[in-house]
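Note on naming: letters A, B, ... go to the chains in the order of the sequence lines (proteins, then strands), and numbering restarts at 1 for each one. Computed from a predicted structure; not experimentally measured.
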Amino acid sequence: MAYWLMKSEPDELSIQDLARLGEARWDGVRNYQARNFLRAMAVGDLFFFYHSSCPEPGIAGIARISAAAYPDQTALDPQSHYFDAKASAQKNPWSAVDVAHVETFGKVLGLGYLKLQAALAEMPLVQKGSRLSVMPVTAEQWAAVLALR
DNA sequence: GCCAACGTTGGC
DNA sequence: GCCAACGTTGGC
């Protein structure tokens with residue numbers, strides 16, 4: 001089983017939303033590196049749910065991959081914010097996964113706090129200029145974050 | 001294949 | 001709202 005971290009704007013989908021829904025679709029990823037990580041995910045993999053572009057950016061909880069990557073239909077929908085004119089049903093470069101709620105942390109582990117952790121220094125999340133929205137997490141990093149809860 | 005211009009991300 | 005950093009686009 002692998003570990004990951006994925007960013008979501010809480011206005012779009014927050015860990016609280018996911019807790020209420022139980023399960024949700026994770027779509028709209030439009031970066032090839034992030035997409036490749038999505039495609040590498042297996043059912044049962046766990047990920048840190050990160051809140052971005054909000055008053056309190058940070059890791060807000062844990063969720064689980066409940067369906068492996070499949071074509072992201074939002075790329076084909078002209079009404080969607082994530083519409084990609086170059087995508088077609090025959091050739092859709094974008095992928096989505098389904099996710100299920102596992103745990104909402106009692107407090108958000110803020111980005112500034114995470115940056116102080118030596119064990120997390122290698123994570124793209126805390127590196128200057130990194131905008132990657134889906135990234136792998138090592139078992140060591142996973143344990144280090146869990147210890148901060 | 002280079003690289004300038006532009007668009008996007010995301011913290012602050 | 002600002003802006004740094006990065007990715008993508010498109011002219012040449």
Legend entry - ring-ring contact (aromatic ring centres under 6.0 Å, His included) involving A:Phe48 - partner list, sequence neighbours excluded: A:Trp142
Inset, instruction - Could you check which residues of residues 80-96 of chain A get a heavy atom under 4.0 Å from DNA chain C? Sort them by number, please. - result: A:Lys86
Legend entry - Residues in salt bridge (Lys or Arg N to Asp or Glu O under 4.0 Å) contact with A:Arg39, at least two apart in sequence or another chain: none
Legend entry - Nucleic acid contacts of residues 28-38 of chain A, taken as heavy-atom distances under 4.0 Å to DNA chain C: A:Tyr32
Determine all donor-acceptor pairs shorter than 3.5 Å in which one atom belongs to a side chain in residues 55-78 of chain A; sequence neighbours excluded.
from    : atom 1 : to      : atom 2 : distance (Å)
A:Ser66 : OG     : A:Glu23 : OE2    : 2.6
A:Ser66 : OG     : A:Asp98 : O      : 3.3
A:Ser66 : OG     : A:Val99 : N      : 3.4
A:Tyr70 : OH     : A:Arg25 : NE     : 2.7
A:Tyr70 : OH     : A:Asp98 : OD1    : 2.5
A:Asp72 : OD1    : A:Thr74 : N      : 2.9
A:Asp72 : OD1    : A:Thr74 : OG1    : 2.6
A:Asp72 : OD2    : A:Gly28 : N      : 2.9
A:Asp72 : OD2    : A:Arg30 : NH1    : 3.0
A:Asp72 : OD2    : A:Arg30 : NH2    : 3.3
A:Asp72 : OD2    : A:Thr74 : OG1    : 3.2
A:Thr74 : OG1    : A:Arg30 : NH2    : 3.0
A:Asp77 : OD1    : A:Gln79 : N      : 2.9

Legend entry - Separation between NE2 of A:His101 and CZ of A:Phe49, rounded to the nearest 0.5 Å: 8.5 Å
Inset, instruction - Could you pull out all residues at least two apart from A:Arg149 that satisfy side-chain contact (heavy atoms from CB on, under 4.5 Å)? - result: A:Glu103, A:Phe105, A:Leu146
Legend entry - Sequence neighbours excluded - salt bridge (Lys or Arg N to Asp or Glu O under 4.0 Å) pairs with any residue from residues 104-122 of chain A: none
Inset, instruction - List in chain and number order the residues that pass side-chain contact (heavy atoms from CB on, under 4.5 Å) with A:Ala2, two or more places apart in sequence or in another chain; answer none if no residue qualifies. - result: A:Trp4, A:Asp45
Inset, instruction - Group every Ile, Leu, Val, Met, Phe, Trp and Tyr by side-chain heavy-atom contacts under 4.5 Å, then state whether A:Val97 and A:Val137 land in the same group. - result: yes
Legend entry - ILVMFWY cluster membership beyond A:Trp94 - transitive side-chain contacts under 4.5 angstrom: A:Tyr32
Inset, instruction - Quick one: list whatever passes salt bridge (Lys or Arg N to Asp or Glu O under 4.0 Å) with A:Asp84, sequence neighbours left out. - result: none
Legend entry - Beyond-backbone contact of A:Ser8 with A:Tyr50, side-chain heavy atoms, under 4.5 angstrom: no
Inset, instruction - Among A:Leu125, A:Val29, A:Val134, find the one that has a side chain to side chain contact (heavy atoms under 4.5 Å, CB included) with A:Lys7. - result: A:Leu125
Pairs under 3.5 Å (N/O, protein and nucleotides 10-12 of chain B):
from   : atom 1 : to       : atom 2 : distance (Å)
B:dG10 : OP1    : A:Lys7   : NZ     : 3.2
B:dG10 : OP1    : A:Arg131 : O      : 2.7
B:dG11 : OP1    : A:Tyr50  : OH     : 2.7
B:dG11 : OP2    : A:Ser53  : N      : 2.9

Inset, instruction - Do nucleotides 1-6 of chain B as a string where each nucleotide becomes B, S or -: B if the base has a protein heavy atom under 4.0 Å, S if just the sugar-phosphate does, - if no protein is that close. - result: ------
